[in-house]
Amino acid sequence: MSKSIAIIVNEGPGLGQRVHSAFHFANAAHRSEHQLIGVFFYQNGTMNALATLSVSSDEINWNQRWQNFHRDTAVPLYLCVSAGQRRGVIDLETSQNEDIAHSISSDFIASGLGELVQLIETSDRIVQF
Amino acid sequence: MMQKQHKSIAVVNRASPSNTISGRESLDTVLAMASFEQDVTLFFIGDGVLQLQSQQDLSQVGTKHYLATLKALPFYDVDQIFACSQSLDHAGLTTEDLIDNVQVINPNSIQHQLQRFDVILGF
């Protein structure tokens, strides 16, 4: 029976193995009979939203990978704005309100913990990385 | 159409209060869930038990203090808070060192309890 799955990513891009695992799990979940309903980026995971990553050519730019994933699958990518703000992960509204540089790529949805609660409530399974 | 389901949620805290802000970000998540009236139970294991010390001065650490919020959890209807007895022993702590409303249970009991939850999050 098909299940709905949501993913939480708590690790930053290139800072360990968890983002890699989350990304491949997300792809596998999307391709499977189950439905991946969203990916929520929290804690250091918010840094995956950064458009300002500078990554050498022999390493992976996870921001671009997540963007491409979203464009290929339409799976929503939710950014916890408050967790991001303290890490310099700045969405458009914050940048306008505080007159600081906007640093995220547009495929990420500025969101909050309320969205995480929604994902928990509506998914059959939530998988945390 | 996705239906909202009432879930029982366990949040397992393993981080010390000063090394990272995982404790604070875990608490933010707990408060969000409580405000949406989800059923949340907290577990503190390993270094996580250090977060429960009632006499903590984190003002020298430079991160946000959240001990007052931890102490106030029962006001948010989060009153099921468990600490691992073995982790407390390793940390040299007793129940008297902890904030109120903490139930101390052994690792087997924690493992047994966790099996009944729909969702388990770890910080």
Side-chain angles (χ1 to χ4, degrees), chain A residues 1-12 15-18 21-22 25 29 34-48 74-76 78-89 110-129, chain B residues 1-43 45 47-48 51 58 61-66 69-70 73 76-78 114-123:
Chain A
M1 192 188 81
S2 167
K3 304 266 188 210
S4 59
I5 300 173
I7 292 173
I8 306 173
V9 179
N10 283 339
E11 186 181 80
L15 303 184
Q17 147 278 329
R18 283 153 56 191
S21 294
F25 182 85
H34 305 300
Q35 191 196 3
L36 179 60
I37 63 172
V39 183
F40 188 84
F41 294 86
Y42 189 46
Q43 296 197 290
N44 287 350
T46 55
M47 298 191 284
N48 284 276
V75 172
Y78 298 106
L79 166 70
C80 179
V81 166
S82 52
Q85 286 168 340
R86 63 183 68 107
R87 293 168 169 88
V89 180
S111 187
L113 289 170
E115 184 65 56
L116 176 59
V117 180
Q118 295 260 60
L119 289 171
I120 289 172
E121 287 175 341
T122 54
S123 63
D124 292 312
R125 290 286 184 275
I126 188 134
V127 185
Q128 182 182 8
F129 290 89
Chain B
M1 184 196 74
M2 280 177 300
Q3 287 191 301
K4 287 196 185 181
Q5 307 158 56
H6 177 261
K7 300 284 177 76
S8 59
I9 302 168
V11 177
V12 180
N13 298 284
R14 275 174 284 230
S16 84
S18 52
N19 193 33
T20 66
I21 61 168
S22 276
R24 180 265 172 96
E25 292 190 315
S26 169
L27 189 59
D28 287 344
T29 308
V30 169
L31 292 172
M33 295 189 289
S35 74
F36 281 84
E37 285 157 14
Q38 292 293 317
D39 162 18
V40 187
T41 301
L42 304 191
F43 295 88
I45 66 175
D47 286 348
Q51 293 185 43
L58 292 179
V61 174
T63 54
K64 177 162 180 159
H65 317 171
Y66 59 92
T69 313
L70 256 185
L73 278 173
Y76 298 90
D77 289 330
V78 180
L114 284 174
Q115 286 170 40
R116 68 176 171 88
F117 289 92
D118 298 316
V119 173
I120 302 174
L121 299 180
F123 289 96

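Every chain is numbered from 1, with letters handed out A, B, ... down the list of sequences.
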Requested in this report: Please state whether the side chain, the backbone, both or neither of B:Asp118 comes within less than 4.5 Å of a heavy atom of chain A.
Outcome: neither
Report task. Please state whether the side chain, the backbone, both or neither of B:Ser22 comes within less than 4.5 Å of a heavy atom of chain A. Result -> both
Query raised in the report: Is any side-chain heavy atom of B:Lys7 closer than 4.5 Å to a side-chain heavy atom of A:Ile126?
Result: no
Query - Residue pair A:Tyr42 / B:Thr29, side-chain heavy-atom distance below 4.5 Å - result: yes
Query raised in the report: Pick from B:Ile21, B:Thr20, B:Ile9: which one has the most heavy-atom pairs with chain A under 4.5 Å?
Result: B:Ile21
Report task. Check A:Gln128 against B:Ile120 and note the closest heavy-atom contact, atom names and distance. Result -> OE1-O, 4.3 Å
Query raised in the report: Closest heavy-atom contact between A:Val117 and B:Gln38?
Result: CG1-CG, 4.0 Å
Requested in this report: Select one option (side chain, backbone, both, neither) describing which atoms of A:Arg125 are under 4.5 Å from chain B's heavy atoms.
Outcome: neither
Requested in this report: Side chain from CB out, backbone as N, CA, C, O: work out which of these in A:Gln43 comes under 4.5 Å of a heavy atom of chain B, or both, or neither.
Outcome: both
Query raised in the report: Can you tell me how far CD1 of A:Ile8 sits from CG of B:Leu121, rounded to the nearest 0.5 angstrom?
Result: 5.0 Å
Query raised in the report: Say you draw a straight line from CE of B:Met33 to CG of A:Leu116; how long is it, rounded to the nearest 0.5 Å?
Result: 7.0 Å
